[in-house]
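Accompanying notes for the structure given below.
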Amino acid sequence: MDASLRVELFPGDVELTTEFHERLGFQVTDRRTRPPRYASMRMGSVRIGVCQANPIDPARRAHPVMTELVVEVDDVVALRDQIVDKGITLAEDLRHRDWGLVDFRVTDPDGYYLRFTSRA
């Protein structure tokens with residue numbers, strides 16, 4: 001069975017969230033400005049949709065309270081360097097894990113926690 005995953009996020013500000021994810025390296029594939037505002041983004045086979053919602057306290061979404069989105073990439077060091085060069089603050093810098101992978105983390109404007117990790 002072939003499967004894929006698309007994650008839907010519900011930020012208080014679709015444009016702010018979309019711009020942030022574009023700086024992470026996602027490409028916008030669809031953008032709707034009529035209510036509810038919506039954008040679809042892609043990085044390789046990873047797809048994220050964002051749909052306008054009432055703002056909530058970002059701390060309610062942050063790891064470990066809610067969800068951590070994990071994106072596997074071919075070159076985690078190069079991606080980390082690109083993200084830092086764009087002025088994005090890391091929640092956690094590159095770290096070698098006991099299970100053999102290397103990762104770093106960022107938090108988006110609405111408190112969604114993203115971990116970018118090397119492939120196993």
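As the structure is a prediction and not an experimental result, all values here were calculated from the model.
- Val70 and Val77 sit in two unconnected hydrophobic clusters of ILVMFWY residues. Membership requires side-chain heavy atoms under 4.5 Å apart, directly or through other members.
- Annotation: the span from Arg80 atom CZ to Ile88 atom CD1 amounts to 12.0 Å, rounded to 0.5 Å.
- Heavy-atom minimum distance, Cys51 versus Val14: C-CG2, 3.9 Å.
- Across all non-hydrogen atoms, the minimal contact from Ile83 to Leu90 is CG2-CD2, 4.3 Å.
- Follow the hydrophobic side-chain contacts under 4.5 Å out from Leu69 and you never reach Leu101; the two are in separate clusters.
- Side-chain heavy atoms closer than 4.5 Å link hydrophobic residues (I, L, V, M, F, W, Y) into clusters, and following such links, possibly through other members, connects Val28 to Phe26.
- A side-chain donor-acceptor contact under 3.5 Å links Arg23 to the backbone of Lys86.
- The CG atom of Asp13 sits 6.5 Å away from atom CD of Gln52, with the distance rounded to the nearest 0.5 Å.
- Checked by atom type and distance alone, the side chain of Tyr38 never pairs as donor or acceptor with a backbone atom of Asp30 at under 3.5 Å.
- Considering CD of Glu72 and CG of Asp103, their distance stands at 11.0 Å, rounded to 0.5 Å.
- Atoms CG and OG1, on Leu79 and Thr117 in that order, are 11.0 Å from each other to the nearest 0.5 Å.
- Both Phe20 and Val7 sit in one connected hydrophobic cluster of ILVMFWY residues. Membership requires side-chain heavy atoms under 4.5 Å apart, directly or through other members.
- Counting heavy atoms from C-beta on, the side chains of His21 and Leu9 come closer than 4.5 Å.
- Annotation: side chain to side chain donor-acceptor pair (under 3.5 Å) contacts of Ser118 (sequence neighbours excluded): none.
- Residue pairs meeting the ring pair (Phe, Tyr, Trp, His ring centres under 6.0 Å) criterion with at least one partner in residues 70-102, sequence neighbours excluded, do not occur; the list is empty.
- For the pair Asp110 (side chain) and Gly12 (backbone), a donor-acceptor distance under 3.5 Å is present.
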Worksheet item: Passes side-chain contact (heavy atoms from CB on, under 4.5 Å), Met41 versus Met43? Steps please.
Response: CA-CA 7 Å; Met41 300 170 286; Met43 178 189 286; over 6 Å; no

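- The ring pair (Phe, Tyr, Trp, His ring centres under 6.0 Å) check on Phe104 picks up Phe116, with sequence neighbours excluded.
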Item to complete: Let me see the working for Glu15 and Arg31 under side-chain contact (heavy atoms from CB on, under 4.5 Å), right down to the final yes or no.
Response: CA-CA 10 Å; Glu15 194 61 37; Arg31 189 181 311 245; 3.1 Å; yes

Fill in: Evaluation steps, side-chain contact (heavy atoms from CB on, under 4.5 Å), between Val50 and Arg37
CA-CA 8 Å; Val50 292; Arg37 294 176 56 103; over 6 Å; no

Item to complete: Take Tyr112 and Phe10 through the test side-chain contact (heavy atoms from CB on, under 4.5 Å) and record every step on the way to the result.
Response: CA-CA 10 Å; Tyr112 290 104; Phe10 298 90; 4.3 Å; yes

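- Note: Ile48 CD1 to Leu24 CG = 8.5 Å, rounded to the nearest 0.5 Å.
- A single hydrophobic cluster is seen to contain both Val73 and Val84, as judged by linkage of ILVMFWY side chains at heavy-atom distances under 4.5 Å, directly or through other members.
- With a 6.0 Å radius and a threshold of 12 heavy atoms from other residues, nucleotides or ligands, Gln27 has its CD atom at or below the threshold.
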